Amino acid sequence: MPRIVVDVMLKPEILDPQGKAIVGALPRLGFTAFPSVRQGKRFELFVDGEVTEEILAQAREAAETMLSNPVIEDVVNIEVVAD
Amino acid sequence: MTETPLIGGAVQAPVDTRLAGARIGVVTFPGTLDDRDASRAVRLSGATAVDLWHADTVLADVDAVIIPGGFSYGDYLRAGAISRFAPLMAKIIDAANSDAKLPVLGICNGFQILTEAHLLPGSMIKNDHLKFLCRDQVLRVENNTTAWTNAYAAGQDITVVLKNQDGQYIADEKTLDALEAEGRVAFRYVGHNPNGSRRDIAGISNAAGNVVGLMPHPEHAVETGYGPAHTGTDGLGFFNSVLNTLLGDK
């Protein structure tokens, strides 16, 4: 079933407390190459049949109005995955 | 409706028909858990509490609305993000923005819902220390001219319960400057900032002053023997304030 992937991240200027907790834990497992981590959200919107321009437009609108809050988050990626 | 005191000693005030004529709606979403406390606080102030359900499509002639705390829709997407689109919210948004200026109070998750609904600016993210925090919290009343704060003195310190995980209030600098300039910071944390909120902001209002949101819980500080430090009733001022507003005393 084809799906539309939407990736949402906190805006760069907003401190990400979850990413901060992860970056603090990584060195304990020996992962020392990562001075900074930011955690985001990935949504997969499944589509029955072909992904038309109209359906893609719906996904974009859903991403901006509901899946993300423009006050704190950016939609950083919307892509169609056909498999 | 008379209240049974939770702990002995509380005295039920005689019913004041003028106060009881004020109908304060309390909204329940799936996952709301402070609605009973909010309704009880409304009744202790002398008004009539009206149960509202998120899927309702009418406001049942209420004179004001409280959106209480909890974890509506599990806060799965973002705190308040899905509740914001509940059928009743459309009615509340219209009524709050109308000429009638319906008084609306959002507490904790209710505050988060009001920001998601764009009735109040900014947003809430996880506490800077990432932990759920529950404690007595001192707040300073920064603006005592709103529909929900007029029973307090300006600059008064009050103690109510704070309990949340996504309590860090954030907005861009321009928005924060505007809030300060327009006197729309209603409450500030006193002493230690419990969650990293910008400029120690605990609660804000809209420009008209009829919509107020805050993270701490005044509805848990309305009854002697039950509130913060087992004595505090500082939260009653919210409920008395809206009665002042509705009855034209302020």
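Model, not experiment: these values are computed from the prediction. All chains are named by letter (A, B, ...) in the order of the sequence lines, taking the proteins before the strands, and each is independently numbered beginning at 1.
Within residues 168-191 of chain B, the residues approaching chain A closer than 4.5 Å by heavy atoms are, in numerical order, B/Q168, B/I170. Annotation: residues 88-98 of chain B contacts chain A through no residue [non-hydrogen atoms, separation under 4.5 Å]. Close approach to chain B, defined as a heavy atom under 4.5 Å from one of its heavy atoms, is seen in A/K41, A/F43 of residues 34-62 of chain A, taken by number.
For the pairing with A/P17, the side-chain contact (heavy atoms from CB on, under 4.5 Å) check across B/D128, B/N127, B/I125 returns one residue only, B/I125.
For residues 8-33 of chain A, every residue pair satisfying the side-chain hydrogen bond (donor to acceptor under 3.5 Å, both in side chains) rule, not counting sequence neighbours, is listed here: A/K11-A/D74.
Counting heavy atoms from C-beta outward, A/I72 and B/M124 have side chains that stay 4.5 Å or more apart.
Counted within 6.0 Å of CZ on B/R198, heavy atoms from surrounding residues, nucleotides or ligands total more than 12; the atom is thus considered enclosed.
Distance alone, capped at 3.5 Å, is enough to place a donor-acceptor pair between the B/R78 side chain and the A/L67 backbone.
Listed options A/N69, A/L15, A/L10 were ranked by heavy-atom pairs under 4.5 angstrom with chain B; first place goes to A/N69.
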